Amino acid sequence: AGLGSAGAPGLPLMPPPEYGSQAYWDERYVGEAAFEWYVVDGEALAFQVQRVLEHIDDEDHIRPPSILLRNGAQIKLQRDEFDSAHLLLEAGCGASSLTADLVRLGAIPVQWRCVAFDYSATCVAARRAEPSVSGLTYEKWDATKLPLGDGGASVILDKACVDAVDCASDGGGAARAVAREYARVLRVGGALLLVTCRDAARRLEIFRGLPLDVEACERLPKPATEAGRPGGAVFLLLRKYADIGGLRSCERADRPAEPE
């Protein structure tokens with residue numbers, strides 16, 4: 001799915017929708033009961049999510065397990081925070097059933113708490129009126145100013161949200177603010193799962209300088225019924241690392257390449 005629209009041959013190009021405007025989304029959701037951005041194979045995406053969530057507390061998957069100090073000594077990270085219940089956020093849920101579907105498919109453990117949020121009040125009211133899904137709530141939140149403390153979330157799932165925010169006519173300021181909030185609210189070892197229609201290098205630009213390392217980058221398959229259509233989506237996994245006094249774990253030497 002693209003982020004703009006064009007007129008017929010010989011006609012002027014239509015202006016792109018105002019995806020960066022809250023008023024646009026409030027108006028759109030008045031008549032939109034269901035819509036899924038970036039048509040991908042649901043089971044393939046569920047597998048990616050489940051693989052990450054199953055190992056979120058695995059010692060080998062918490063980055064870094066120790067911090068290298070200037071004097072060469074090492075200290076162990078405190079892991080008291082991992083005794084608490086996990087929180088998964090779905091950013092810009094819109095009219096998508098993504099998180100609900102992942103819960104139903106078993107990709108999200110039943111003991112996890114899930115919050116799907118959107119900054120459109122119209123959208124959130126409509127979602128709350130739907131049949132409830134155990135562990136899942138809907139909130140009216142702004143992704144640039146999340147009402148959570150530092151390290152409050154284990155996983156953030158963003159499927160097209162930051163792509164839409166990046167369409168605001170502010171030179172990328174809002175998208176960069178979202179990236180900073182993601183990095184702030186993720187706990188050390190937590191994961192940001194991005195599904196984007198942008199090329200990976202361009203999308204990762206807004207995360208430059210933040211304590212997030214890229215651990216996976218691959219193109220998601222489409223459903224068999226959509227296999228012949230152009231376009232597609234890229235799956236990115238970014239992991240939060242610890243940054244103590246400017247010291248951090250080493251950069252990954254095997255940084256994933258962008259999918260072809």
Side-chain angles (χ1 to χ4, degrees), residues 44-45 47-70 72 74-79 81-82 86-91 107-108 112 143-144 146 148-163 165-166 172 175-220 233-260:
L45 179 56
F47 171 78
Q48 295 283 8
V49 173
Q50 185 173 22
R51 183 175 62 177
V52 173
L53 269 55
E54 283 180 344
H55 297 287
I56 200 73
D57 281 338
D58 191 322
E59 183 79 12
D60 293 335
H61 288 74
I62 301 298
R63 291 174 53 82
S66 58
I67 301 294
L68 183 64
L69 303 182
R70 285 193 176 90
Q74 289 187 335
I75 59 172
K76 202 73 171 176
L77 285 179
Q78 296 297 318
R79 301 188 185 278
E81 68 271 22
F82 295 102
H86 286 290
L87 171 63
L88 178 144
L89 304 179
E90 181 192 351
I108 300 176
W112 280 52
T144 67
L146 292 171
L148 294 174
D150 296 354
S154 296
V155 171
I156 299 174
L157 180 58
D158 179 315
K159 184 168 179 274
C161 178
V162 79
D163 285 357
V165 174
D166 205 13
R176 178 67 177 169
V178 171
R180 288 194 297 268
E181 279 294 88
Y182 287 175
R184 181 185 68 80
V185 304
L186 274 177
R187 67 204 297 179
V188 173
L192 169 60
L193 310 180
L194 276 173
V195 180
T196 176
C197 72
R198 306 293 177 89
D199 66 88
R202 178 178 176 185
R203 177 45 57 233
L204 291 172
E205 275 295 319
I206 63 172
F207 297 96
R208 186 181 297 277
L210 297 175
L212 297 165
D213 273 346
V214 182
E215 289 197 358
C217 177
E218 56 190 83
R219 189 166 297 281
L220 288 169
V234 173
F235 173 84
L236 293 166
L237 165 60
L238 288 77
R239 184 82 62 178
K240 172 80 172 282
Y241 61 78
D243 187 349
I244 302 177
L247 300 176
R248 53 154 295 183
S249 59
C250 295
E251 292 276 356
R252 286 175 59 93
D254 57 339
R255 187 174 295 276
E258 185 175 342
E260 298 179 356

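Every value quoted in this text rests on a predicted model; they were computed, and no experiment measured them.
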Taking all atoms of both residues into account, what is the closest heavy-atom pair of [X] and [Y], and its distance?
X      : Y      : result
Ala175 : Ile206 : O-CD1, 3.7 Å
Leu53  : Ala107 : CD2-O, 3.8 Å
Ser154 : Ile56  : O-CD1, 4.0 Å
Ala233 : Val195 : CB-CG1, 3.8 Å

Indicate yes or no for a side-chain donor-acceptor contact from Lys240 to the backbone of Pro211 under 3.5 Å, with no hydrogens or angles considered. no

Interatomic spacing from [atom1] in [X] to [atom2] in [Y] - rounded to 0.5 Å:
X      : Y      : atom1 : atom2 : result
Asp163 : Thr196 : CG    : OG1   : 3.5 Å
Leu210 : Tyr241 : CG    : OH    : 8.0 Å
Leu186 : Asp150 : CG    : CG    : 11.0 Å
His86  : Ile108 : NE2   : CD1   : 12.5 Å
Glu90  : Leu88  : CD    : CG    : 8.0 Å
Leu192 : Arg239 : CG    : CZ    : 10.5 Å

Partners of [X] by side-chain contact (heavy atoms from CB on, under 4.5 Å), sequence neighbours excluded?
X      : value
Glu181 : Leu146, Arg184
Glu205 : Arg208
Ala91  : Phe117, Asp158, Cys161, Tyr182

Within a strict 4.5 Å, meaning less than it, do heavy atoms of the Leu148 and Leu87 side chains meet? yes

With the side chain counted from C-beta on, respond yes when Leu193 and Leu45 share a heavy-atom pair under 4.5 Å apart, and no when they do not. no

With sequence neighbours left out, the residues meeting salt bridge (charged side-chain N to carboxylate O under 4.0 Å, His left out) with Arg176 are none

Non-neighbouring partners of Asp166 that pass salt bridge (charged side-chain N to carboxylate O under 4.0 Å, His left out), sequence neighbours left out: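 If we apply the salt bridge (charged side-chain N to carboxylate O under 4.0 Å, His left out) test to Asp166, skipping adjacent residues, the hits are Arg198, Arg203.
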
Contacts of Arg180 that satisfy side chain to side chain donor-acceptor pair (under 3.5 Å) - sequence neighbours left out: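 So Arg180 forms no side chain to side chain donor-acceptor pair (under 3.5 Å) with any residue.
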
Only one of Leu236, Leu194, Val178, Val214 forms a side-chain contact (heavy atoms from CB on, under 4.5 Å) with Phe207, so which one is it?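 Only one option passes, and that is Leu194.
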
